[in-house]
Each structure stands twice: as structure tokens, then as C-alpha cells.
Amino acid sequence: MEKILRDRRLYELLEKVDKDLALKAQVGGCEHCGGRLHRGDYPRKPRGDPGWERRYSLCCSGEGCRKRKTPPSVRFLGRKIYIGVVVVLVSAMVQGLSEGRVKRLRQELGIDRRTLKRWREWWMRIFVQSVFWRAERGRFRRRVVEEKLPLGLVRVFGASQREGLLNLMKFLSPISTNSCKEVMVM
Ligand SMILES: [Zn+2]
């Protein structure tokens with residue numbers, strides 16, 4: 001799983017998917033007034049980053065509306081400071097590892113203990129309870145063990161390979177939008 005985090009092609013593909021998702025959201029127009037949307041990206045400086053500096057976001061041009069629409073993202077999971085693939089894969093990797101190996105992995109990737117703990121709590125409490133997950137969990141033929149998230153999802157999607165990881169990030173992408181505010185925190 002560690003190797004895939006150095007896969008340049010993966011990051012190119014994720015960026016391309018995000019661009020497509022933003023375009024698609026733009027074509028849909030404003031949900032409130034039907035107005036035209038223009039780009040109003042957020043500057044980001046995520047860690048574990050492949051040089052991504054903008055989180056795509058849209059803004060309504062309608063006078064008196066100006067509402068934002070944040071398209072789903074396969075690169076950013078909510079407001080976390082690390083990019084999504086790191087949050088997913090590292091959280092999964094440490095499940096079942098000995099303390100010593102977790103420490104080595106943390107050091108290699110420069111992630112502190114508190115961050116790892118926060119991610120764990122996010123998966124265990126916020127993600128598991130989310131409307132998104134409760135609506136989606138039934139679609140898997142094999143039951144995904146919730147006590148083992150996100151490892152269960154990584155296995156089901158085969159996300160230690162590029163293709164599977166892309167699919168998993170697509171699956172998770174709605175949680176990065178404003179319609180899923182409850183899971184955005186942390
Ligand atoms: Zn509008």
C-alpha cells in the first residue's frame with residue numbers, strides 16, 4: 001500500500017477526475033436560482049501533496065444569490081489537511097500493525113500520533129454514523145466490517161492497486177461536498 005502513494009500517475013488521474021467532477025457540477029448550474037456558476041476555487045496547501053493547490057469550487061453569478069457549490073472531490077476528504085488517499089490508505093495500513101511498525105510508518109510519512117488518532121476517531125464515529133455511509137453500506141455484496149474501517153473498504157475495492165483506489169475515492173467523493181457537512185469536520 002505504501003508504494004502506491006508514490007505513484008505519479010495516480011495523482012494525475014485523481015486530478016483529472018476532480019476536474020471532470022467540477023465541470024459536471026458547473027454544467028448543472030446553481031441549485032438555488034438556476035444561475036450560471038463560475039469558478040471560485042479555494043486555495044489549499046494539503047500535506048502529503050503532489051502539488052495540488054486548489055480545491056475546485058463554484059460560485060453562483062446570480063445577483064443576490066452568489067451561493068457556493070462545492071463539487072465532489074476524489075483528492076480532498078472534507079477539510080482534512082492531508083490529501084484523501086493518505087487519510088484512507090494510512091488509516092487502513094495501521095490497522096493490525098504492531099506499535100513499532102506504526103511508528104516507523106508515521107515517521108516515514110511525517111504524520112504525528114495525534115493526527116492518526118483523529119483519523120481513527122473520524123472513521124469510527126463520524127463516518128460510520130453518517131447518512132452517506134448508512135445509505136451506501138448495503139450495496140456491498142460482502143459485509144464491510146465497520147470496526148475495521150477503512151481497511152474493510154480498501155479490501156472490497158482492491159484499493160492497494162491504482163484502479164481500485166481510484167474507485168474507492170470516487171465512492172467516497174460525495175462526503176467532500178456541502179450536502180454532507182456532518183462528515184466534513186476534522
Ligand atoms: Zn444562484
Side-chain angles (χ1 to χ4, degrees), residues 8-91 115 118-119 121-140 144 146 149-150 153 156-157 159 162-186:
R8 301 297 318 172
R9 181 79 188 125
L10 168 74
Y11 295 113
E12 284 166 21
L13 288 169
L14 289 167
E15 175 136 35
K16 189 179 170 303
V17 173
D18 260 18
K19 252 186 208 140
D20 291 345
L21 288 170
L23 273 177
K24 219 166 114 195
Q26 193 166 18
V27 169
C30 175
E31 289 154 348
H32 303 275
C33 73
R36 282 167 70 97
L37 296 167
H38 56 81
R39 289 273 291 274
D41 299 344
Y42 292 114
R44 295 293 300 262
K45 204 106 193 79
R47 289 199 212 149
D49 91 297
W52 294 333
E53 293 186 338
R54 286 184 309 164
R55 160 74 162 102
Y56 300 132
S57 184
L58 301 159
C59 199
C60 178
S61 59
E63 206 62 58
C65 179
R66 308 274 180 210
K67 287 224 167 42
R68 263 193 189 277
K69 183 174 180 180
T70 307
S73 171
V74 294
R75 298 183 299 157
F76 303 105
L77 263 188
R79 297 208 182 98
K80 291 184 192 57
I81 52 171
Y82 284 86
I83 57 171
V85 285
V86 170
V87 178
V88 172
L89 285 186
V90 175
S91 299
T115 303
R118 236 184 10 245
W119 291 350
E121 281 165 8
W122 180 80
W123 286 107
M124 288 295 98
R125 294 213 221 112
I126 297 171
F127 180 81
V128 160
Q129 299 290 332
S130 66
V131 174
F132 168 81
W133 175 245
R134 277 181 283 152
E136 294 292 329
R137 66 184 167 194
R139 71 179 225 163
F140 299 102
V144 177
E146 293 185 335
L149 281 172
L153 281 172
V156 167
F157 280 87
R162 186 197 289 152
E163 177 91 23
L165 183 54
L166 265 174
N167 287 334
L168 174 53
M169 296 318 290
K170 282 183 199 163
F171 168 72
L172 292 172
S173 67
I175 69 176
S176 61
T177 64
N178 24 12
S179 57
C180 287
K181 272 205 184 81
E182 47 162 3
V183 273
M184 279 192 54
V185 277
M186 291 177 77

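Start at 1 and go down the list; that is how both ligands and their atoms are numbered.
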side-chain contact (heavy atoms from CB on, under 4.5 Å) partners of Glu146, counting only residues at least two apart: Val128, Trp133, Arg137, Leu149

Going by atom type alone, with no hydrogens or angles, which donor-acceptor pairs under 3.5 Å involve a side-chain atom of residues 31-39 and a protein atom two or more places apart or on another chain?
unit_1: Arg39; atom_1: NE; unit_2: Asp41; atom_2: OD1; d: 3.0
unit_1: Arg39; atom_1: NE; unit_2: Asp41; atom_2: OD2; d: 3.3
unit_1: Arg39; atom_1: NH2; unit_2: Asp41; atom_2: OD2; d: 2.9

What do you reckon, are the aromatic ring centroids of Tyr56 and Phe76 less than 6.0 Å apart? no

Under the criterion side chain to side chain contact (heavy atoms under 4.5 Å, CB included), I'd like the reasoning laid out for Arg44 against Arg54: C-alpha separation, chi angles, the key distance, then a yes or no. CA-CA 5 Å; Arg44 295 293 300 262; Arg54 286 184 309 164; over 6 Å; no

Can you confirm if the NZ or CZ of Arg139 lies within 45° of the ring axis of Phe171 and under 6.0 Å from the centre of its six-membered ring? no

Enumerate, atom names and distances included, each donor-acceptor pair closer than 3.5 Å involving a side-chain atom of residues 162-169, sequence neighbours excluded.
unit_1: Arg162; atom_1: NE; unit_2: Asp7; atom_2: OD2; d: 2.8
unit_1: Arg162; atom_1: NH2; unit_2: Asp7; atom_2: OD1; d: 3.4
unit_1: Arg162; atom_1: NH2; unit_2: Asp7; atom_2: OD2; d: 3.3
unit_1: Asn167; atom_1: ND2; unit_2: Glu163; atom_2: O; d: 3.4

How many protein N, O or S atoms sit closer than 2.8 Å to the Zn ion (ligand 1)? 4

